[in-house]
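Working notes for the structure below.
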There are 8 protein chains.
Amino acid sequence: NYAKIDTARVRRTGYPEVIYGAGKTAEQISGIIKVMKGHQKAILATRVEQDKATAVLQELPSLKYDAVSQTLTTVDEKTASVGNIAIVTAGTSDIRIAEEAAVTAEIFGNHVTRIYDVGVAGIHRLFAKIDVIRQANVVIVIAGMEGALPSVVGGLVDHPVIAVPTSVGYGSNLGGMTPLLTMLNSCAAGISVVNIDNGFGAAYNASMINRLIDKGHI
Amino acid sequence: NYAKIDTARVRRTGYPEVIYGAGKTAEQISGIIKVMKGHQKAILATRVEQDKATAVLQELPSLKYDAVSQTLTTVDEKTASVGNIAIVTAGTSDIRIAEEAAVTAEIFGNHVTRIYDVGVAGIHRLFAKIDVIRQANVVIVIAGMEGALPSVVGGLVDHPVIAVPTSVGYGSNLGGMTPLLTMLNSCAAGISVVNIDNGFGAAYNASMINRLIDKGHI
Amino acid sequence: NYAKIDTARVRRTGYPEVIYGAGKTAEQISGIIKVMKGHQKAILATRVEQDKATAVLQELPSLKYDAVSQTLTTVDEKTASVGNIAIVTAGTSDIRIAEEAAVTAEIFGNHVTRIYDVGVAGIHRLFAKIDVIRQANVVIVIAGMEGALPSVVGGLVDHPVIAVPTSVGYGSNLGGMTPLLTMLNSCAAGISVVNIDNGFGAAYNASMINRLIDKGHI
Amino acid sequence: NYAKIDTARVRRTGYPEVIYGAGKTAEQISGIIKVMKGHQKAILATRVEQDKATAVLQELPSLKYDAVSQTLTTVDEKTASVGNIAIVTAGTSDIRIAEEAAVTAEIFGNHVTRIYDVGVAGIHRLFAKIDVIRQANVVIVIAGMEGALPSVVGGLVDHPVIAVPTSVGYGSNLGGMTPLLTMLNSCAAGISVVNIDNGFGAAYNASMINRLIDKGHI
Amino acid sequence: NYAKIDTARVRRTGYPEVIYGAGKTAEQISGIIKVMKGHQKAILATRVEQDKATAVLQELPSLKYDAVSQTLTTVDEKTASVGNIAIVTAGTSDIRIAEEAAVTAEIFGNHVTRIYDVGVAGIHRLFAKIDVIRQANVVIVIAGMEGALPSVVGGLVDHPVIAVPTSVGYGSNLGGMTPLLTMLNSCAAGISVVNIDNGFGAAYNASMINRLIDKGHI
Amino acid sequence: NYAKIDTARVRRTGYPEVIYGAGKTAEQISGIIKVMKGHQKAILATRVEQDKATAVLQELPSLKYDAVSQTLTTVDEKTASVGNIAIVTAGTSDIRIAEEAAVTAEIFGNHVTRIYDVGVAGIHRLFAKIDVIRQANVVIVIAGMEGALPSVVGGLVDHPVIAVPTSVGYGSNLGGMTPLLTMLNSCAAGISVVNIDNGFGAAYNASMINRLIDKGHI
Amino acid sequence: NYAKIDTARVRRTGYPEVIYGAGKTAEQISGIIKVMKGHQKAILATRVEQDKATAVLQELPSLKYDAVSQTLTTVDEKTASVGNIAIVTAGTSDIRIAEEAAVTAEIFGNHVTRIYDVGVAGIHRLFAKIDVIRQANVVIVIAGMEGALPSVVGGLVDHPVIAVPTSVGYGSNLGGMTPLLTMLNSCAAGISVVNIDNGFGAAYNASMINRLIDKGHI
Amino acid sequence: NYAKIDTARVRRTGYPEVIYGAGKTAEQISGIIKVMKGHQKAILATRVEQDKATAVLQELPSLKYDAVSQTLTTVDEKTASVGNIAIVTAGTSDIRIAEEAAVTAEIFGNHVTRIYDVGVAGIHRLFAKIDVIRQANVVIVIAGMEGALPSVVGGLVDHPVIAVPTSVGYGSNLGGMTPLLTMLNSCAAGISVVNIDNGFGAAYNASMINRLIDKGHI
Ligand SMILES: Nc1ncnc2c1ncn2[C@@H]1O[C@H](COP(=O)(O)O)[C@@H](O)[C@H]1O
Ligand SMILES: Nc1ncnc2c1ncn2[C@@H]1O[C@H](COP(=O)(O)O)[C@@H](O)[C@H]1O
Ligand SMILES: Nc1ncnc2c1ncn2[C@@H]1O[C@H](COP(=O)(O)O)[C@@H](O)[C@H]1O
Ligand SMILES: Nc1ncnc2c1ncn2[C@@H]1O[C@H](COP(=O)(O)O)[C@@H](O)[C@H]1O
Ligand SMILES: [Mg+2]
Ligand SMILES: [Mg+2]
Ligand SMILES: [Mg+2]
Ligand SMILES: [Mg+2]
Ligand SMILES: [Mg+2]
Ligand SMILES: [Mg+2]
Ligand SMILES: [Mg+2]
Ligand SMILES: [Mg+2]
């Protein structure tokens with residue numbers, strides 16, 4: 001009775017419900033997963049801290065926990081991977097958000113290419129990887145501090161860029177509000193933005209685009 | 001010498017340069033269009049006020065001005081339209097931004113379906129149109145005031161939703177910051193956001209997705 | 001001498017003083033309750049953390065502590081319940097605020113109907129409960145994240161809606177400022193708003209309205 | 001096609017649609033009123049500036065324009081007035097918002113008692129009127145500057161107080177954000193808040209409460 | 001070498017240096033006090049937490065620590081007290097700031113009258129004390145939450161009111177920014193404001209005024 | 001009926017009501033002055049723009065208008081001046097606020113010493129005047145831009161400093177919020193602050209202090 | 001008496017006073033220039049609008065007005081130019097600020113190299129000019145919108161970069177606060193920042209560095 | 001693979017990569033240092049807390065840790081020191097940031113002169129040191145609270161001033177946003193600003209200027 005699990009969702013939107021672990025107890029997470037297991041093959045819980053994960057794994061030992069992305073997932077047979085999503089970070093500290101995006105994209109059946117720590121302060125690092133990035137259908141660009149990387153990438157690729165600001169920074173960074181504002185004001189067209197640290201949301205969007213391409217839908 | 005027109009852009013990103021008319025004189029707009037005409041078929045200038053437009057049209061009478069969207073465009077033979085973009089507004093006052101998006105999407109060769117004034121305060125208006133919305137590849141949802149509409153639409157469709165906050169509102173609306181924050185914090189997955197009143201940016205993104213679908217790219 | 005207990009209040013406003021436990025010691029809370037017991041039947045202390053509650057209960061074992069709502073209450077014979085207040089939450093994490101509201105409403109003698117986890121991302125959950133909600137005199141709608149639920153409910157019912165933003169969310173949620181602004185800018189009429197996480201205040205308002213209805217107008 | 005007039009609203013919520021005049025042309029306002037006239041007896045348009053009103057009145061001479069509240073209304077036979085709403089302002093400059101509230105409340109069939117310019121800097125002015133205020137079912141308190149008046153009134157009456165911050169003030173008043181925050185943080189219980197300058201919204205809420213009392217609804 | 005103690009201050013401004021303990025180690029506080037002792041009779045250190053105080057007292061056992069106001073002071077023979085400062089708080093939680101002010105005022109030789117917990121939600125508590133407040137030369141009014149009390153006091157007394165906002169509150173209180181803004185926008189004349197929680201600064205100002213009165217200075 | 005003129009005020013606080021002209025019509029200002037004339041000798045209206053003043057002067061030709069300070073005053077026989085207030089500005093653009101303060105202080109019977117354009121960027125200008133400033137009972141320091149001057153003055157004088165931030169500046173000045181915050185955070189003790197551009201409020205405070213000194217009140 | 005012209009400044013800092021024209025009348029500007037002419041060869045007035053300039057030029061016809069940078073300058077024999085400052089803009093609309101910087105740098109005797117409209121959305125434009133930029137001692141980078149250009153330039157040159165945010169942009173640009181925050185949070189080292197639109201301040205800093213280089217270290 | 005160490009940087013900008021320790025594990029810091037050791041003589045890691053430093057020193061015992069500045073550095077033979085940088089703080093609590101700047105400047109081969117605790121509240125302390133400050137090529141001024149010191153220093157020296165706001169303060173200091181805004185709005189020319197607490201960035205800038213002077217570059 002603490003949650004109305006949206007089991008209609010997979011039918012309504014084509015995507016299974018995902019558990020947002022923050023602010024839920026280990027018991028609540030386990031309970032919800034058990035109900036979900038009857039309705040959907042792939043399970044994904046995000047924002048699950050180490051100690052909660054340990055407790056959930058004792059109940060549900062078939063799940064897999066990844067400490068960097070703080071995700072709990074099923075390790076079922078792979079869904080046939082389609083499409084390709086490039087996940088690009090500006091710095092090392094942005095990787096935890098990048099991995100939340102990567103794990104999400106993979107469990108929804110997408111190929112993921114990781115290009116980490118290529119921020120604008122040393123822009124040659126980005127150019128060294130730009131051909132790989134250009135081969136992806138969608139590019140997720142993740143940056144904290146001043147958040148300038150999506151603008152540069154957006155000017156170099158002709159596919160959609162989904163920008164993710166992170167809370168990495170200090171002082172007038174304001175917990176990620178600065179890169180968020182930067183990304184929203186980008187003068188490069190083709191960039192859309194999700195909430196601070198929302199790697200999940202970026203991957204969900206990218207995955208939707210990949211699926212549309214796959215279906216060749218009109 | 002007041003502008004380095006990015007004529008390489010059409011080759012680099014597949015999209016022609018677009019003129020952002022705000023803060024440019026009629027002379028600058030005319031001058032830039034004349035240079036562009038040699039490199040690209042479709043011309044689009046946004047945020048062009050009536051009086052500037054009148055001046056530009058005297059120089060370049062083959063262009064077309066639309067007063068609602070404040071755009072100047074070429075009226076060349078239509079590019080074969082592909083894909084379908086639904087453009088949805090919450091209120092009547094959001095239409096000027098919706099038309100900026102619509103004109104942009106159309107000049108880039110997309111089908112556009114307009115569904116206006118279906119905000120959440122009278123949600124039956126949205127349900128009456130939901131089947132039409134579901135048939136689009138991408139849905140652009142435009143709202144001012146509290147900006148709640150994208151969350152509702154996002155929960156009802158399984159295609160990407162691009163949310164555009166508008167500066168329509170008063171008091172604690174803070175010039176559109178309120179619907180912007182609302183959209184960024186949406187608990188519906190599959191929503192990404194562009195800047196306040198940025199109809200152009202939303203359409204550019206949607207158009208990129210449509211083109212990817214069209215190419216069936218992997 | 002650390003508090004001037006407003007014992008005149010019950011006479012002046014018809015409502016007894018309530019103890020706001022945050023920032024008070026267990027000794028102060030116990031001390032105030034002892035003074036109050038002489039003047040009013042129902043005792044309510046909100047924002048009392050577990051450890052403080054344990055200390056108070058050793059002094060005053062006849063009280064009851066509820067850990068979800070963080071309230072201490074008397075368990076006297078029930079006042080005849082009048083009216084009906086629907087308490088609706090968007091998510092699971094909003095329940096602690098909802099229970100603060102519910103406990104407050106109940107100790108002031110109101111019927112409470114709980115409808116939890118029916119947020120706009122899966123709006124069918126709301127529609128499944130809308131008839132129950134419509135039967136209440138007053139509806140309290142509680143939401144964090146983007147706070148869109150009150151706008152939708154406000155468009156569907158013809159009774160007052162009291163909206164409570166919660167601090168549930170992250171990034172640009174800004175500790176609940178985002179849903180607060182959303183609710184204040186709602187384009188649905190009939191919505192008024194209280195402070196972030198102020199379940200108590202919402203219930204107090206709703207209770208006042210119920211009492212007026214009960215008395216049938218002055 | 002610029003507006004989906006919510007003619008179902010009167011049936012759904014018991015209240016007719018109201019026209020929010022800001023950002024609409026005189027032609028749009030006239031057009032909407034003509035459609036509405038077939039579905040509802042009472043017409044109310046708010047935020048209509050003098051020059052737009054003059055244009056509308058030429059089309060629809062049976063309407064009445066009030067320059068202080070900037071409202072256009074029908075002057076049909078009065079609906080039997082029920083209930084009583086006290087509208088209290090802190091200063092002289094808040095009166096335009098108070099009159100928006102008053103006109104709204106009256107067209108929805110409520111008695112209104114006006115008590116203006118009784119702000120906290122000269123609190124004896126409030127006490128001189130407190131008995132009149134206490135006789136109302138609901139009290140609307142309107143204040144700019146620091147917005148302290150609702151807290152004082154809230155501590156003196158035992159009926160719901162709806163607080164309306166206004167944009168009256170300068171400097172760190174921040175266009176009404178200061179009184180808005182003051183009202184949301186009131187330590188007096190029984191206060192709920194609407195957006196800055198939203199006299200309409202306050203009256204709509206108060207009217208709903210009066211109607212409930214009138215019906216003696218449980 | 002970590003501090004240039006302003007021993008010229010007592011000569012320049014007539015007031016001794018005061019130690020701001022926050023962010024200093026116990027060793028630094030002890031070291032500064034030892035240097036000061038040669039130049040000034042009264043020692044005052046504010047914002048000294050319990051554990052630091054314990055360490056300082058082992059070095060300098062003749063000092064006195066007060067845990068509520070978090071001050072360390074000398075307990076030398078009293079300076080002849082002059083003038084009278086009323087210190088008024090809205091709530092119980094504001095007392096720690098009030099005591100910082102009271103201890104500061106007393107060590108600088110002023111009479112202090114304490115009137116605590118008389119906030120506007122129960123304004124009769126203020127009226128019961130207003131004659132005592134009117135007898136003071138200067139009134140320090142301390143409030144968190146919405147910070148409305150100084151406006152009311154300012155309208156009732158004809159002496160300077162120094163307003164101190166506190167960080168007591170939650171949600172849109174924004175760590176005391178709300179009462180700070182309230183006080184700065186007060187429509188009662190005769191109020192000036194100091195920083196959030198700055199009891200010391202308010203008392204320093206009040207003390208300066210008292211000394212001027214005492215000297216009958218022109 | 002648009003204003004409850006606080007004629008009790010002169011008895012209650014010893015100070016006559018002052019008219020805040022912003023947002024009032026010339027008719028309202030004239031009307032209020034006529035009522036006041038029966039109860040108080042000195043009339044002061046602030047924030048009266050040139051055109052309104054011209055209209056008022058036609059009705060009440062005995063008043064005097066000062067275009068720099070935007071004040072209307074009576075030119076009755078002088079009240080015996082007591083005390084001395086130094087009014088110091090950082091720049092040339094701050095003078096209009098300084099004159100609002102000076103006119104207010106003078107009409108309430110204080111001596112005023114003006115020291116203008118001595119901001120911190122050329123601090124020798126301040127030192128050249130410091131002895132004159134030190135002779136005043138109270139110092140009003142007025143600054144826009146970064147608002148650093150009160151901190152420097154506060155460290156050099158041993159009398160109360162009342163700081164007035166102004167809206168002079170651009171960019172991240174934020175309409176005066178920057179100097180306001182600067183002044184509130186001053187590390188010099190003895191400074192209190194009023195609202196942005198509130199020259200009137202500063203003078204009112206300073207005048208109260210002077211009167212207390214004059215009375216030698218304890 | 002409206003200005004204490006800092007004629008000591010040229011001796012104290014080696015730089016003449018500059019007139020900040022905003023908020024000064026044409027008469028005040030003329031008056032100040034006449035006084036200055038006795039003390040310093042080069043005259044510079046910034047932020048002088050066209051109409052004020054016309055009035056000043058009638059009084060002082062030997063001055064030169066530049067409408068883009070809104071500056072009034074003397075056209076005396078050139079001071080021997082030393083050093084080299086590159087002034088780089090992201091867009092066309094930033095040029096007015098760039099020219100304020102250029103005129104300032106030139107009147108203080110520096111070589112200026114202008115590189116305009118090379119923003120990050122088309123980064124090849126920057127690379128085409130990078131060798132010219134690298135030859136300057138100091139680089140001033142001016143950008144509005146998201147303000148990303150200084151970060152990229154900072155990673156490519158080994159000389160100081162002075163970043164100037166501009167108020168060019170809309171929506172969540174917040175009048176230039178967004179590029180200001182971006183620049184302050186740059187992850188490229190070697191960047192310092194001045195106020196929004198402060199071309200003058202950037203040039204003043206760059207000029208100081210050039211002079212130090214010219215003198216070859218103290 | 002967690003970091004793309006920018007080993008090209010020393011060639012590209014003349015400065016070695018520096019490790020920003022915040023948010024990196026001890027293992028990551030050690031790993032990066034080991035790679036760097038092959039490419040650059042001087043190693044600098046900032047924001048390394050005591051416990052991480054201890055772990056790194058066990059791996060790399062030839063490094064030196066400084067607890068005040070939280071830096072890890074190599075203690076190689078000194079590079080010939082050139083230039084002179086004055087580092088000035090307003091208070092004692094700003095020293096940790098000043099030492100981050102000092103250690104950075106020294107490892108890059110600059111002379112450093114430290115002048116601490118000379119804030120504007122006791123401005124004689126600054127004047128006692130002004131001659132020493134004037135002898136430096138560049139002056140770094142570090143201040144929290146209201147951040148007024150750079151404005152005063154900027155008016156007294158004719159060399160570049162780099163201002164560093166710190167997060168020292170409370171209440172409306174807003175974590176250093178107040179001194180940041182103060183410094184950006186300084187009316188003294190010749191001041192540029194870096195992020196809150198960014199001692200490293202200020203020193204990096206100052207060092208670049210010194211190197212230019214040393215090279216006598218044109
Ligand atoms: N890391 C995440 N960030 C944002 N939203 C998430 C995240 N993980 C899951 N969600 C969303 O949260 C919803 C579940 O919320 P709840 O009902 O509170 O568990 C899912 O349907 C997802 O849309
Ligand atoms: N002054 C007002 N302030 C806020 N909302 C209003 C106001 N006047 C009308 N409304 C609301 O705005 C809705 C109409 O909006 P629209 O469709 O844009 O005309 C009405 O149903 C009312 O709920
Ligand atoms: N609680 C307080 N709040 C604000 N300022 C204080 C406080 N206590 C002392 N001060 C001021 O801080 C100065 C000393 O600062 P410091 O040199 O950092 O010890 C004193 O001269 C006082 O003016
Ligand atoms: N465009 C500008 N932006 C910022 N500061 C300026 C500008 N032009 C001049 N100034 C500064 O303003 C000072 C003069 O201010 P004022 O005394 O008000 O004329 C000069 O000494 C300059 O340091
Ligand atoms: Mg890196
Ligand atoms: Mg509508
Ligand atoms: Mg849920
Ligand atoms: Mg009044
Ligand atoms: Mg209390
Ligand atoms: Mg000046
Ligand atoms: Mg351009
Ligand atoms: Mg100190």
Side-chain angles (χ1 to χ4, degrees), chain A residues 6 9-15 17-18 20 82-84 104 111 134-138 154-165 177 180-181 183-196 198 200-218, chain B residues 6 9-15 17-18 20 82-84 104 111 134-138 154-165 177 180-181 183-196 198 200-218:
Chain A
D6 190 356
R9 189 188 192 116
V10 74
R11 251 171 310 135
R12 209 174 62 252
T13 69
Y15 278 93
E17 259 280 45
V18 171
Y20 177 63
V82 298
N84 182 11
T104 300
H111 282 295
R134 280 189 173 128
Q135 281 155 29
N137 283 339
V138 190
L156 294 170
V157 304
D158 59 347
H159 288 181
V161 169
I162 301 170
V164 188
M177 285 304 290
L180 172 62
L181 291 169
M183 292 168 184
L184 286 165
N185 285 275
S186 179
C187 50
I191 296 174
S192 67
V193 187
V194 296
N195 197 6
I196 299 164
N198 192 0
F200 163 76
Y204 193 101
N205 267 282
S207 182
M208 276 182 155
I209 296 173
N210 256 344
R211 205 168 46 165
L212 278 172
I213 297 169
D214 194 44
K215 287 200 290 186
H217 194 305
I218 308 227
Chain B
D6 191 355
R9 191 191 192 112
V10 73
R11 250 171 310 136
R12 209 172 62 253
T13 68
Y15 278 92
E17 260 278 46
V18 171
Y20 176 64
V82 298
N84 184 11
T104 300
H111 283 296
R134 281 194 172 124
Q135 280 156 30
N137 283 337
V138 189
L156 293 170
V157 304
D158 59 348
H159 289 182
V161 169
I162 302 170
V164 187
M177 286 303 291
L180 172 61
L181 291 169
M183 293 168 184
L184 287 164
N185 284 276
S186 178
C187 51
I191 296 174
S192 66
V193 187
V194 297
N195 198 5
I196 298 164
N198 192 1
F200 163 75
Y204 194 101
N205 267 283
S207 183
M208 276 182 155
I209 296 172
N210 256 344
R211 205 168 45 167
L212 277 172
I213 298 169
D214 194 45
K215 288 200 289 186
H217 195 305
I218 311 224

Checklist entry - Can you say whether A:Ile196 sits under 4.5 Å from chain B via the side chain, the backbone, both, or neither, judging by heavy atoms? => result neither
Item to check | chain A contact via B:Phe200 - side chain, backbone, both or neither, heavy atoms under 4.5 Å | outcome: side chain
Checklist entry - Which heavy atom of A:Leu181 sits nearest a heavy atom of B:Met177, and at what distance? => result CD2-CE, 4.5 Å
Checklist outcome for this item: In short, A:Gly190 meets B:Asn205 closest at the heavy-atom pair O-OD1, 3.1 Å
Next on the checklist: Rounded at 0.5 Å granularity, tell me how far CG in B:Asn137 sits from CG in A:Leu212.
Outcome noted: 5.5 Å
Next on the checklist: Please give me the minimum heavy-atom distance between B:Ile209 and A:Pro160, naming the atom from each residue.
Outcome noted: CG1-CG, 3.8 Å
Next on the checklist: Return the CD1 to CE distance between A:Ile191 and B:Met208, rounded to the nearest 0.5 Å.
Outcome noted: 9.0 Å
Checklist entry - Using a cut-off of under 4.5 Å for heavy-atom pairs, which of A:Ala163, A:Ser207, A:Ala189, A:Ala203 has the most such pairs with chain B? => result A:Ala189
